[in-house]
4 protein chains.
Amino acid sequence: MAKPNVITKNDLLQSAKQCLVEGGIEKFTLRAVAEKSGVTQGTVYYHFRTKEQLILELVQEICEDSWNSLSQTDEGVLKEAIESAKSRCSYDSFYHKLFITLVSTGFTNEKIRHQLGEMIGRENDILTRQLEKLWSESPIKGVSVETWGIFFNALVDGIALQAILKKDFPIEKTYAELEHFVNGISSLQNKEESE
Amino acid sequence: MAKPNVITKNDLLQSAKQCLVEGGIEKFTLRAVAEKSGVTQGTVYYHFRTKEQLILELVQEICEDSWNSLSQTDEGVLKEAIESAKSRCSYDSFYHKLFITLVSTGFTNEKIRHQLGEMIGRENDILTRQLEKLWSESPIKGVSVETWGIFFNALVDGIALQAILKKDFPIEKTYAELEHFVNGISSLQNKEESE
Amino acid sequence: MAKPNVITKNDLLQSAKQCLVEGGIEKFTLRAVAEKSGVTQGTVYYHFRTKEQLILELVQEICEDSWNSLSQTDEGVLKEAIESAKSRCSYDSFYHKLFITLVSTGFTNEKIRHQLGEMIGRENDILTRQLEKLWSESPIKGVSVETWGIFFNALVDGIALQAILKKDFPIEKTYAELEHFVNGISSLQNKEESE
Amino acid sequence: MAKPNVITKNDLLQSAKQCLVEGGIEKFTLRAVAEKSGVTQGTVYYHFRTKEQLILELVQEICEDSWNSLSQTDEGVLKEAIESAKSRCSYDSFYHKLFITLVSTGFTNEKIRHQLGEMIGRENDILTRQLEKLWSESPIKGVSVETWGIFFNALVDGIALQAILKKDFPIEKTYAELEHFVNGISSLQNKEESE
DNA sequence: GATGAATGAGAATTCATTCAT
DNA sequence: AATGAATGAATTCTCATTCAT
């Protein structure tokens, strides 16, 4: 007994994510995490002193992931963001299931809720900044570019929610038209400008 | 004449909803439901044969509620729908917490997931039909009116999600600008028409 | 499953006492209590919601026992009290092991400590009242009858402590001489009176 | 020259004593001892091969302490012994808490029990020898000087027990009257002699 | 209809102990 | 001499569920 260093904290976190998505929080047990990682429960407890701590670190990782992927798209255009959103979105979407599961967990855990809120905020900000690069001013009067950031982020999450819930959700079509929507909105502004 | 202390199935469902929102599925136990209703666990079992059955009936009720409130707004314009969405949306929103909690529960329960999916579908349809009344054709080329229905529904849910997660989310402002957005989009169509 | 009424709370408490004495608090588990009573752990938890609660009720019972046995000895003389103390005192004394175990548990549990403190206080009082009946005044100047009560109670407990710790403790001899001590002290007073 | 951070066995024993008193045997874990000493569990295991071994050495230390303090008081009179007993006796008495905790642990560990029994025996003997010096014969017929040794030791422990359990125990008063008691008893003997 | 006692499986967590380094 | 990773068994406690009354 006591084989040192057979597993890293990160391995455990990855197993944990899978467990969360596969069974929801209801069935999310540290025993399941341990089994999926091939270690004993004790080992999981050695690395994360409580279940909550594990979930917290999991949330943190996701928030950092979101941050990294978004800030890399520095040069990126909205189109790319949409593409990425689409790729993460399907009836069996791992990412969004995880996200929604954590959101619902956050309702009864202020720390989680706060972190997810911050993450959403950062996402909104980045979208807004991208729109600012794209547009000289808001294409629709009364709607600030900041709010456009919120709108796009909300739209993407809302679509994902629908896609997870409906087996027959037209992902391709919806995302294709989302692009038309973005283009239409953007061109609208140019039109106004040229008027 | 009225028998006191008679607990109806509906009373239990209302308590159950509260329990779900207050503690999430994790802490959602039949004992908690029983206590909130002032009855014993046995009584809960008398009315719902299993825990799953209770949740299922709870989901059903919510779906029916959605249906009723939407079909009443038959005459209603989009504006009214937005107003109603806003009223259900805040950092402590009971309704959306319940919805998201059930969605995440649905990830591991196909019956729940299916029912919620159907509900979303009906909502999309109703929105689409309202937009059809409002618009002669889609205000943006390449975006079908059906997809507009999806977009609006997704937008409302996505905004709610953000509002629940962020204490400082600007609900008033966002909804006000959402109205400008709808108006802008609608007038856009008229403009195109007049061109 | 679910045979109603096969066991009473009191049965469980008796088993618990035995477990406590047999294994000390260290090995005092509710599983052991359940097994000794022939029920499942769940049953124990149904009757006492926590381990602490069980111990608390156990302490209470012991305190009540002490009260009952002492108040019955209404007419009783000191001699009787000594006899009873002796009978409870041996290398394997169930009673004193239990008592000392609970005392040490009380060091980290204020409720237990308080209850035991109250019990000791009542015992002291009763002893004092008995001595008052026996003596017109304290047989030794500077020692109040109240303090005599404390002394006798302390003596009995201290002797019990020694008897539990030493296999070869001379119980018979010590208690016989304790009686001589009491008589000697009492007669001392009469002597003084007659002087 | 002094090596910093070097933990000696004795340091660990002192931490262990504190842990025992602070949390009782229930919460007495090697991890707690390690943390209090600022080392890891492994280190504790390096010094004591098992938990039992640690406790055993702890008991031994206490017995040696008792021996040392008593044999120093070689010249000492009873008065001094009482003074020392009083100083170790209060509602938060470290010493007696530790002692009682170990006694109760001893109920399920013969080695501990034996050592404590031996310690008590030695204490009784020393007290008896002191009384022999003080008295030419027992002041009360039928009570041997040996038993007086037992009585005084029991009395001191019994009083300590009460003092630990009762927040409002009159320590000062009781010890003052204990001295009167000793003096009274001793003078009694002289009186008898002079008769 | 409703209750309360009981169950058993499984949850989180703790802990003495081991061992390679 | 000391550490830290790992273990596995045990512990407290919870919960859906059953069933006689």
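Below, chain A is the first sequence line, B the second, and so on; all start at residue 1. Hydrogens, waters and symmetry mates are skipped; everything else that's a heavy atom, side chains included, is used.
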In Å and rounded to the nearest 0.5 Å, what is the [atom1] to [atom2] distance from [X] to [Y]?
X: A/K111; Y: A/I55; atom1: NZ; atom2: CD1; value: 11.5 Å
X: B/I62; Y: B/Q115; atom1: CD1; atom2: CD; value: 10.0 Å
X: C/L165; Y: D/F107; atom1: CG; atom2: CZ; value: 6.5 Å

[X] has an atom [atom1]; how far is it from atom [atom2] of [N], in whole Å?
X: C/L54; N: F/dC13; atom1: CG; atom2: C1'; value: 14 Å
X: C/K9; N: E/dA6; atom1: NZ; atom2: C1'; value: 15 Å
X: B/I55; N: F/dA16; atom1: CD1; atom2: C1'; value: 12 Å
X: C/R49; N: F/dC15; atom1: CZ; atom2: C1'; value: 12 Å
X: A/Q41; N: E/dG10; atom1: CD; atom2: P; value: 12 Å
X: C/E52; N: F/dT11; atom1: CD; atom2: P; value: 19 Å
X: B/Y46; N: F/dC19; atom1: OH; atom2: C1'; value: 15 Å

Check every atom of [options] against the side chain of [X] and return the nucleotide holding the closest atom.
X: A/T50; options: F/dC13, F/dA16, E/dT13; result: E/dT13
X: C/V39; options: E/dT7, F/dT12, E/dA6; result: E/dT7
X: A/Y45; options: E/dA12, F/dT17, E/dA16; result: E/dA12

**Study point:** Test log, rule side-chain hydrogen bond (donor to acceptor under 3.5 Å, both in side chains), inputs D/E57 and D/Q53
**Key:** CA-CA 6 Å; D/E57 297 201 20; D/Q53 190 56 33; 3.3 Å; yes

Review point. Should the ring pair B/F99 and B/Y95 be called parallel, tilted or perpendicular, given that the plane angle runs from 0 to 90° and is split at 30 and 60?
Key: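 Ring orientation of B/F99 relative to B/Y95: parallel.
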
Review point. How do C/G42 and A/K51 order along DNA chain E: which one's closest nucleotide is nearer the 5' end?
Key: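 In this pair, the answer is C/G42.
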
Check your understanding: Looking at C/T40, does any N or O in its side chain come under 4.0 Å of the phosphate oxygens OP1/OP2 on E/dT7?
Key -> yes

Practice item. Could you run through DNA chain E and flag its stems, i.e. three or more consecutive Watson-Crick or G-U pairs with both distances under 3.5 Å? Key: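 Stem list for DNA chain E: E:2-21 with F:2-21.
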
Check your understanding: Hey, can you pull the residues of residues 14-33 of chain C with a non-hydrogen atom under 4.0 angstrom from DNA chain F?
Key -> C/F28, C/T29, C/L30, C/R31

[X] side chain to [Y] backbone, donor-acceptor under 3.5 Å:
X: C/K51; Y: C/F28; value: yes
X: D/R113; Y: C/K167; value: no
X: D/N68; Y: D/D65; value: no
X: A/T105; Y: A/T101; value: yes

**Study point:** Most 5' of A/V44 and D/H47 on DNA chain F, judged by nearest nucleotide
**Key:**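 Closest to the 5' end, via its nearest nucleotide, is D/H47.
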
